[in-house]
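Worth knowing before you read on, the calculation uses all heavy atoms, side chains too, and leaves out hydrogens, waters and symmetry mates. In this text the structure is predicted, and so the values were computed from the model without any measurement.
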Amino acid sequence: MKEKFQKIVESRIGVKADKLCNSLWYPIAVGAVCIFCHSLNIPVIGALLLTVLLVPALLFCKNSYVLAPIMAMSGFVLSAETKPNTGYFNSPLKIVGLCFALAFILTALVFNIIYYGRWKAIFKRAYLTVSIAIVTGVLLASGLGSPWMSWSGVGMSMAIAVAMFLPYVFLLNCGVYQGRKTVEYFAWTMISAAVVIFAAVFKQYALNGFDMSDPKSFLQFGYAISNSAAAIVLLAVPLTFYMIHVYDRGYLFFIALAVELLTILFTFSRASLVVAVPGTAIVSVAMCFKKKNGRLGYYIAFGVSCALALALMIVFREKIFGAIKSFFNGMGSGSGRIQLWKEGFEEWRSYPVFGVGIWYLPQVNIGHHYHSYHCTPITFLYCTGAVGLLGYLYHRYRTVRLVFGARLTTERIFVALTVLALICNSLLDIYMTEPLHLVYYSILLALAESDVRAVKAADKEKETAVAEEQPSDVSDAPPLEIQQDRTVV
C-alpha cells in the first residue's frame with residue numbers, strides 16, 4: 001500500500017504540486033482567494049477554494065512550512081456580513097459544502113501525518129515546550145479562589161495554549177528549514193496578508209464614501225476589527241525590510257512597505273502606529289549602514305521616501321499636528337485603558353496570587369467585553385496573579401535565550417524584530433492573549449528555533465571537518481630523525 005502511495009506522491013503531478021506549493025505563488029494564490037471571497041461575501045466558496053489549495057500541500061509536500069500561508073490567512077475569507085452570528089451559515093447547502101471541505105482536509109491531514117511519519121516527530125520536546133506549558137498552566141489556574149473563575153476562562157486558556165503551541169511544534173519538528181528560502185516564503189505570506197487587509201480596508205472606506213470622521217465604526221472585517229487587523233499588517237513590516245535587505249533590487253519592496261504603513265494609518269490603530277512609525281524609521285536608518293547589495297538603489301528609494309514624507313508634513317502640517325494632538329490625548333483617556341487598569345488593580349488586590357481569572361473582564365461594566373487588559377504584563381498580573389506574571393516572564397526570558405542561542409543570522413534577526421513588534425504592540429493591546437495573533441507568534445518561534453538548530457548543526461559539521469583535517473596523534477608526525485635531518489639541510 002505504501003509503495004502505491006509513493007508512486008502517486010513521486011509522480012509528475014505530485015512533483016509539480018510540491019514545487020508550486022513551495023514557491024512564492026502559493027501564498028499569493030491564498031491571498032488572492034481571500035481578497036476575492038471576502039470582497040464578494042462568499043466565505044463558503046472561499047473555504048472550498050482554500051481546500052483545493054490545501055489538500056495538494058498535505059498530500060504531496062514533505063515540508064510542513066508550506067502550511068504557513070493557510071494558517072496565516074484562511075480566516076480572511078470571512079467578512080463582517082457573513083460572520084456566524086449573522087445567520088449566514090444557516091443553510092443546509094452551505095453546511096454540506098463546509099462538511100465536504102472539512103472531510104477532504106481531515107483525510108489529507110491524516111494521510112500527511114501517517115505517510116510522512118509526522119506522528120513520530122510532531123510532539124518531540126522543543127526548546128520552548130516547558131515555558132509554554134507553564135504559561136498554559138498559569139492560564140488554566142487563573143482566578144483560582146476568586147468568584148470569576150469559570151469554564152469560559154478554561155476554554156479561552158486552552159484556545160490560547162493551542163494557538164501558541166501547536167503551529168510551533170508542528171512546523172519546527174515536521175518542517176524542512178532552508179534558511180533564507182524558508183524565511184522569504186513566510187515574508188511573502190505576510191506581505192500577501194497585508195495586501196488582503198489593505199483590500200478589506202479599501203472596501204470598507206469605499207462602501208462608506210471614504211468618510212474619515214469615524215472609521216472605527218465601519219472598519220469591521222469579520223475575522224478582525226481595525227486594531228487587530230493593523231496588528232497583523234504590522235508583522236509584515238519587519239519581514240518586508242528583510243526582503244529589502246537580502247535582494248539586490250530590494251528597494252522595490254518599498255512599494256509593499258508603503259502599502260503596509262498606509263493600511264495601518266487608515267485603521268487609526270494607535271498601538272500599531274506607535275510601534276510602526278518609529279520602528280520603520282529606526283530600521284530604515286540602520287539599513288543605510290548595514291545593507292550591502294543594491295545599496296545605491298536603497299539610498300535613492302530611502303531618500304525619495306523621506307522627501308515625500310517631509311513634503312506631506314509641510315503641506316498638511318495643521319491637520320497632522322491636530323491629529324497627533326488628538327492621537328496622544330486618546331492614548332491616555334479616550335481609549336479607556338487607564339480606567340481599565342485602575343479597576344482591574346482594585347479587584348486584583350483581593351486575589352494577588354492567582355488573579356481574578358482570565359474571563360473576568362465581561363463582568364467589568366466599562367464597555368470592554370474581552371478577557372485582556374490591553375497590556376500583556378498587566379493582563380497576566382491581574383488575570384493570573386503574581387504566579388502567572390512570573391510564568392509569563394519566564395517564557396519571555398526563554399524566547400530571548402532562544403534568539404541568542406547560536407551565531408546570529410540575518411534571518412533570525414528579522415524574525416526576532418517581527419516578534420518584538422508583536423510584543424511591543426501588545427503592551428497597549430490584546431495580542432499576546434488573542435488566539436489569532438498567537439498563530440503568527442507560534443510560526444515565528446518555529447522559524448527562530450529552526451534557524452538556531454540549523455546554525456548549530458552547520459557549525460558542528462564545520463568543527464568536525466576541521467578536526468579531521470588536523471593530525472589527531474603524535475604518531476602522525478614525521479620521525480624525529482627525519483625532522484633533524486631536514487633542520488640540518
Side-chain angles (χ1 to χ4, degrees), residues 122-170 172 228 337 340-366 368-402 419 422-423 425-446 449:
I122 186 171
F123 291 117
K124 282 184 178 179
R125 181 173 172 178
Y127 182 78
L128 296 174
T129 298
V130 173
S131 67
I132 293 176
I134 290 173
V135 171
T136 302
V138 299
L139 286 170
L140 290 172
S142 67
L144 192 64
S146 80
W148 294 286
M149 189 177 185
S150 67
W151 287 111
S152 299
V154 172
M156 178 55 68
S157 299
M158 292 304 299
I160 292 170
V162 169
M164 186 182 291
F165 184 70
L166 196 56
Y168 163 64
V169 293
F170 187 78
L172 176 66
S228 49
R337 284 175 174 81
L340 185 66
W341 297 341
K342 286 179 179 178
E343 293 199 16
F345 178 74
E346 292 301 321
E347 292 297 331
W348 170 78
R349 288 171 61 185
S350 303
Y351 310 98
V353 180
F354 293 103
V356 295
I358 196 69
W359 205 251
Y360 168 70
L361 266 191
Q363 313 299 326
V364 181
N365 188 26
I366 57 172
H368 289 268
H369 301 286
Y370 197 72
H371 60 278
S372 172
Y373 278 92
H374 287 73
C375 176
T376 303
I378 290 177
T379 295
F380 273 89
L381 179 62
Y382 290 179
C383 292
T384 64
V387 172
L389 179 60
L390 289 174
Y392 172 75
L393 292 177
Y394 175 71
H395 172 67
R396 196 79 290 131
Y397 161 75
R398 295 289 285 182
T399 55
V400 174
R401 283 282 304 270
L402 173 64
V419 175
L422 180 62
I423 293 171
N425 200 355
S426 300
L427 293 176
L428 291 171
D429 226 310
I430 64 175
Y431 309 120
M432 287 305 296
T433 48
E434 208 284 320
L436 173 64
H437 296 81
L438 286 173
V439 170
Y440 297 95
Y441 176 69
S442 186
I443 296 171
L444 291 165
L445 293 181
E449 188 163 342

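Rounding to the nearest 0.5 angstrom, the gap separating the CG atom in Leu144 from the OG1 atom in Thr384 is 12.0 Å. Put simply, OG1 on Thr376 and CG on Leu381 are 12.5 Å apart, with the number rounded to the nearest 0.5 Å. Summarising the geometry, atom CD belonging to Glu346 is positioned 8.5 Å from atom OH belonging to Tyr382; distances are rounded to the nearest 0.5 Å. Rounding to the nearest 0.5 angstrom, the gap separating the CZ atom in Arg396 from the CE atom in Met432 is 5.0 Å. In this structure, the separation between CD1 on Ile132 and CG on Leu166 is 10.5 Å, given to the nearest 0.5 Å. Going from atom OG1 of Thr379 over to atom OH of Tyr392 covers 9.5 Å, rounded to the nearest 0.5 Å.
Heavy atoms only, all atoms of each residue included: Leu389 and Pro377 are closest at CD1-O, 3.6 Å. Nearest heavy atom pair, residue Ala159 against residue Pro435, reads CB-CG, 4.1 Å. Taking each heavy atom of Cys383 and Tyr373 in turn, the nearest pair found is SG-CE1, 3.5 Å. Ser142 approaches Ile358 most closely through the heavy-atom pair OG-N, 3.2 Å. When every heavy atom of Pro167 is checked against every heavy atom of Val162, the shortest pair comes out as CD-O, 3.5 Å. For Val135 against His395, the heavy-atom pair with the smallest separation is CG2-CB, 3.7 Å.
A 4.5 Å side-chain heavy-atom check between Leu422 and Tyr440 finds every atom pair outside the cut-off. Looking only at side-chain heavy atoms (C-beta outward), Val169 and Ser442 stay at 4.5 Å or farther from each other. Inter-residue side-chain proximity for Thr399 and Val419 is flagged as unmet; no heavy-atom pair is nearer than 4.5 Å. Contact of the Arg125 side chain with the Val130 side chain is registered, since non-hydrogen atoms from C-beta on lie closer than 4.5 Å.
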* Would Tyr394 and Ile134 satisfy side chain to side chain contact (heavy atoms under 4.5 Å, CB included), going step by step from the backbone distance to the final call? -> CA-CA 9 Å; Tyr394 175 71; Ile134 290 173; 3.8 Å; yes
* Worked verdict on Trp348 versus Trp341 for side chain to side chain contact (heavy atoms under 4.5 Å, CB included) -> CA-CA 10 Å; Trp348 170 78; Trp341 297 341; over 6 Å; no
* To do: For Thr433 and Phe380, run side chain to side chain contact (heavy atoms under 4.5 Å, CB included): C-alpha distance rounded to whole Å, both residues' side-chain angles, the deciding distance at 0.1 Å, then the answer.
  => CA-CA 9 Å; Thr433 48; Phe380 273 89; 4.0 Å; yes
* **Worked verdict on Tyr397 versus Leu393 for side chain to side chain contact (heavy atoms under 4.5 Å, CB included)** => CA-CA 6 Å; Tyr397 161 75; Leu393 292 177; over 6 Å; no
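Using cut-offs of 30° and 60° for the angle between ring planes, the Tyr431 and His437 rings count as tilted.
A donor-acceptor contact shorter than 3.5 Å links the side chain of Glu449 to the backbone of Tyr127.
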